[in-house]
Structure formats: C-alpha cells, structure tokens
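Structure record follows, encoded as structure tokens.
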Amino acid sequence: MSALGLPLPLFIGLRYLKAKRRNQFISFVSIFSLLGMAFGCFALVVVLSVMNGFDDQIKRRILSVVPHGFVEQPGGVDDWAGLSKHVDEVPGVVASAPYIEGFGLLTRSYGIQGIQVQGIEPVAEASVSQVAEKMLVGSLDALQPGGYGIVIGRLLARYLGVTTGDKVVLVLPQVSITPAGAFPRQKRMTVVGVFEVGAKQDQSLALINLQDAQKLYRRARAADGLRVKTLDLYSAQQTMAAIQNQLAGKDAGEITAKDWSQTQGALFQAVKMEKVVVGSLLMIIVAVAAFNIITSLVLMVSDKRSNIAVLRTMGMAPAQVMLTFMAQGTAVGVIGIVTGCALGSLVGIYIGDIVGWVESITHTNLFDPNVYFVSKLPSVWRWQDTLIVATAGLAMSVIATVYPAYQAAKIHPAEALRYD
C-alpha cells in the first residue's frame, strides 16, 4: 500500500499520469487519446439522444392516428358493439372502436392521389385516436351517415387544393358494369374536415363514416374489426395477447389481435437498425482513441525502462508492473469517458433548446415546417444509452492497456540497467 492508502500499482500509475515528462510527444499522444475518447463518447451520447427523439416523435405522431392494436375477424364483424364490450373488459385496454379499411384514388382537377380510406364511427373513434384533437378545420362529427363527407390530412388537402365544403371524387378499386362498358366505381365526396398529425398520414389517409364505407366497399358485415387503444403503447403487445387469450375462450369465431409493432413494425425496425448502425460507426472514434492509448503506453514503457528496472530490483512483482501501466492507461480512458458522457448528457438533454437559440440568433430554420414533419430538433436522453457508451469505452480502454503493460512486465532489470 502507498502512503495515501492506494494500492501501489495504482499509486505509481497515477503518478506517471500527472508527472511532467521529458518527452513531450508522449504527453501529446496521451492528451490526444483523452480528447479522442471524450469526443467519441460525447458524439455517441448526443447522436443516440437525437435518434431516440426522432424515434419517439415518429411513434407518437403515427400512433396518434394508427391505433395501438387491431382486433379482426375473417369476413368482418356483425356485432361490433358486443365484441367491443368484451375487448374493453381486458385489463390495459382504454377503449375500442369499429373500422372498415379500404383503398382508393382521391381526385380533383388539380391532381390525383392514392390514399388509404378508413370508415369510422366518429363518437367511438374519438376514444381511440387523437385525430379529433388534431383537426385544423372542420370536425369528425360532420361525418354523418349518408352525407358522404370525408376528412383528409393537411398535405393531401394542400396537394389537391381543397378545404372544407369542396367536392372531391373517390375512385374505388372496383368496377361497375354499365351498357356503355366497365367503369371504375366512384363517388363524389364533400370535404368536411382537415387534420394534421405531423406524419405520413397527413398525405395518405382519409376518414369517412362507417356506414358510408360499408356501402362504398360493399361490406356484408358491419365492420372489418376493432381499433384498440391501450394504457401504454409500449405494453400494447402484452395487452393484445391478453385480448387474444380472452376472446379465444368465447364463442366469437376466429379472432386475431395484432399490436402496432406488427402493423407498423417495418418502419420502427428500420429506425432501430439505423440507430445501431450509426452508433457502431461512431464507436470507431472511441476505438481510435483506444489505439492511441496503446501508442502512448508503448512510448511510456520505453521511456520508463530504467524506472521499471529499479522497481523490480526493489521487489515489485511483474504482475504489479503490469497493473501499474494498466492503471495509467485506464485512467486516461476513464477521464475521457466521464468528460465525454457528462457533456454529451447535458447537450443531449438541452440540444433542442440550444438549436432553437442558434436559430433565433441566425434567423434561420433548421427544420422548415413546410418541408419536415418536425419544427425543432427532438432529443430524448436515456441513461441506458449513456451507460452502454461508457461501458464500451471502458472495455476498450482496459483492453488497449494489456499489450503495453505485458511488455513492461517482461522487462528484465539487469538488461534494462545495463545500457542506462
């Protein structure tokens, strides 16, 4: 033990770290290693926070329109109210509402756009979706049976050049046989509302009344199934599995319950994969810093050969010599990791405000609301990501010290002092 109560290898390693060195190049390489480790950890934490923010924004915006889960039955559901009652009894379910889903083309003189059409029951829909809260003009309540009204997204309305009260034509993927020949079925609809959720649904989704959808798409049943809202979107998978199990014991026919990860899984898996790939690429910065630790320690071992020989002659074991240089190299890595993760966490938490301040100073918009779905840089800092970055950096730092420290332990005192 040292005079400060530290183990002797740790004490000497820290002394070497802060001691003034004769070779300034070694000091430069050590500082470069520390800064590289700090910058790598900083960049990783900030980038992962921003990607978490985009992932969170996508989930919240899309799932404000797309329900947390679906309950479907082959051929459709006759008594959707009775099925909804059973579903609402499952723990974790907030509400459920019927729907009919179809596709079509929405046309006007200004253009034509392929869309997804959903027939909804306006009162029940308000309990499972936030569309009613995202209306720019009009209301879901205007979707009355037989009125053939339609509610569309802001981008779709802008593309077609329509607003409430305007007429559009819905072309269905079906044909009608007339004496003049076969023609695609179409229906003149009245725009009764425009919504904006800040996602792709703003340009591809249209809502109509459930009964109108039943007639237009010639559904024999009252609804295709139920849209379900759960207490927590991240536990929707467990809740939908519980619905599946509960309905399996009832005489409800073949019921299929799916959660949002199955219907929208491809998009979120792509975001997750992007996060992994970007994180792996940025981890190269940390790896380069770790290689610099190897370089600085190799030079340090060469510079301290006589000191090592003296310590060995005083009785220090080879293992203790090895631990001395491992402690020195790991200390460089730890200082860089702590500095980078601390600064990265602060920036990751407040980067939205920082970017907003820069925009206000420069009078620019990083995210133009007319182009992007977000108007400010989103960020969600998670301690788990910071812990992973710190652990990976620490592991690389420790591994980087093994070879130089092992070479130091192999130095023989007599040979080192012979030419000193």
Side-chain angles (χ1 to χ4, degrees), residues 57-58 60-68 80 94-172 185-217 219 222-224 226-229 368-375:
Q57 285 289 320
I58 291 174
R60 292 186 181 278
R61 289 171 183 265
I62 291 181
L63 295 179
S64 66
V65 180
V66 177
H68 298 171
W80 64 262
V94 176
S96 58
Y99 76 95
I100 288 177
E101 185 174 78
F103 298 90
L105 297 174
L106 204 61
T107 69
R108 199 169 185 254
S109 56
Y110 294 100
I112 181 170
Q113 177 69 36
I115 59 170
Q116 178 187 22
V117 181
Q118 291 185 354
I120 62 170
E121 204 288 313
V123 176
E125 183 68 16
S127 62
V128 300
S129 171
Q130 297 180 16
V131 176
E133 304 170 10
K134 305 292 184 178
M135 299 296 296
L136 298 178
V137 291
S139 170
L140 284 184
D141 295 333
L143 295 175
Q144 295 299 317
Y148 292 99
I150 187 170
V151 173
I152 60 178
R154 180 184 67 87
L155 295 180
L156 181 57
R158 188 176 68 174
Y159 174 73
L160 297 176
V162 298
T163 185
T164 53
D166 291 338
K167 301 292 183 178
V168 292
V169 177
L170 176 62
V171 181
L172 305 174
R185 294 184 64 234
Q186 57 186 24
K187 181 65 179 178
R188 195 174 180 85
M189 312 287 288
T190 303
V191 178
V192 297
V194 177
F195 66 85
E196 181 181 21
V197 297
K200 65 178 182 179
Q201 281 74 13
D202 288 346
Q203 61 187 7
S204 62
L205 179 64
L207 305 176
I208 63 177
N209 186 271
L210 185 71
Q211 295 183 28
D212 293 346
Q214 185 181 2
K215 295 176 182 177
L216 290 174
Y217 288 95
R219 294 292 199 267
D224 289 347
L226 297 178
R227 295 150 57 93
V228 180
K229 181 179 181 179
D368 187 349
N370 294 321
V371 179
Y372 302 99
F373 290 126
V374 294
S375 58

> Do Ile150 and Leu106 have side chains that get closer than 4.5 Å, going by heavy atoms?
Replying inline: yes
> Rounded to the nearest 0.5 Å, how far does CD of Gln118 lie from CZ of Arg227?
Replying inline: 4.5 Å
> Is there a side-chain contact between Met135 and Val131 (heavy atoms, below 4.5 Å)?
Replying inline: yes
> Any idea which heavy atoms bring Gly104 and Val117 closest together, and the distance?
Replying inline: N-CG2, 4.5 Å
> If you measure from OH on Tyr217 to CZ on Arg185, what distance do you get to the nearest 0.5 Å?
Replying inline: 9.5 Å
> What residues, two or more places apart in sequence or in another chain, satisfy side chain to side chain contact (heavy atoms under 4.5 Å, CB included) together with Val123?
Replying inline: Glu121
> Does the side chain of Leu160 reach to within under 4.5 Å of the side chain of Asp166, using non-hydrogen atoms?
Replying inline: no
>> Between Asp202 and Val197, is there a side-chain heavy-atom distance shorter than 4.5 Å?
In response: yes
> How long is the gap from OG1 on Thr164 to CG on Leu136, to the nearest 0.5 Å?
Replying inline: 11.0 Å
> What closest approach, in Å, do Ala132 and Ala126 show between heavy atoms, and which atom pair accounts for it?
Replying inline: CB-CB, 4.5 Å
>> Nearest 0.5 Å, please: how far is CD in Glu196 from NZ in Lys134?
In response: 9.0 Å
> Which value, rounded to the nearest 0.5 Å, describes the distance between Thr190 atom OG1 and Ile208 atom CD1?
Replying inline: 12.5 Å
>> With rounding to the nearest 0.5 angstrom, report the CE to CG distance, Met189 to Leu216.
In response: 6.0 Å
>> Keeping Asp212 on the side-chain end and Gly146 on the backbone end, is there a donor-acceptor pair under 3.5 Å?
In response: yes
>> For Tyr159 versus Gln113, what's the shortest heavy-atom pair and its separation?
In response: CE2-OE1, 3.8 Å
> With a 4.5 Å heavy-atom cut-off, do Ile115 and Leu170 have their side chains touching?
Replying inline: yes
>> If you compare all heavy atoms of Lys215 against all heavy atoms of Tyr148, which two are closest, and at what distance to 0.1 Å?
In response: CD-OH, 3.7 Å
> Judged by atom type as modelled, is there a donor-acceptor pair below 3.5 Å linking the side chain of Arg188 to the main-chain atoms of Lys167?
Replying inline: no
> Which residue, Asn209, Leu140, Val151, Ile100, forms the side chain to side chain contact (heavy atoms under 4.5 Å, CB included) with Ile120?
Replying inline: Leu140
> For Asp224, what residues pass the side chain to side chain donor-acceptor pair (under 3.5 Å) criterion, not counting sequence neighbours?
Replying inline: Arg219
> Do Ile112 and Val171 have side chains that get closer than 4.5 Å, going by heavy atoms?
Replying inline: no
> Considering all heavy atoms of both residues, which atom of Ser127 and which atom of Ala95 are nearest to each other, and what is their separation?
Replying inline: OG-CB, 3.5 Å
> Which atoms form the tightest heavy-atom contact between Leu210 and Pro98, and what is the distance?
Replying inline: CD2-CG, 3.9 Å
> Should Lys187 and Leu172 count as side-chain neighbours, where that means a heavy-atom distance under 4.5 Å?
Replying inline: no
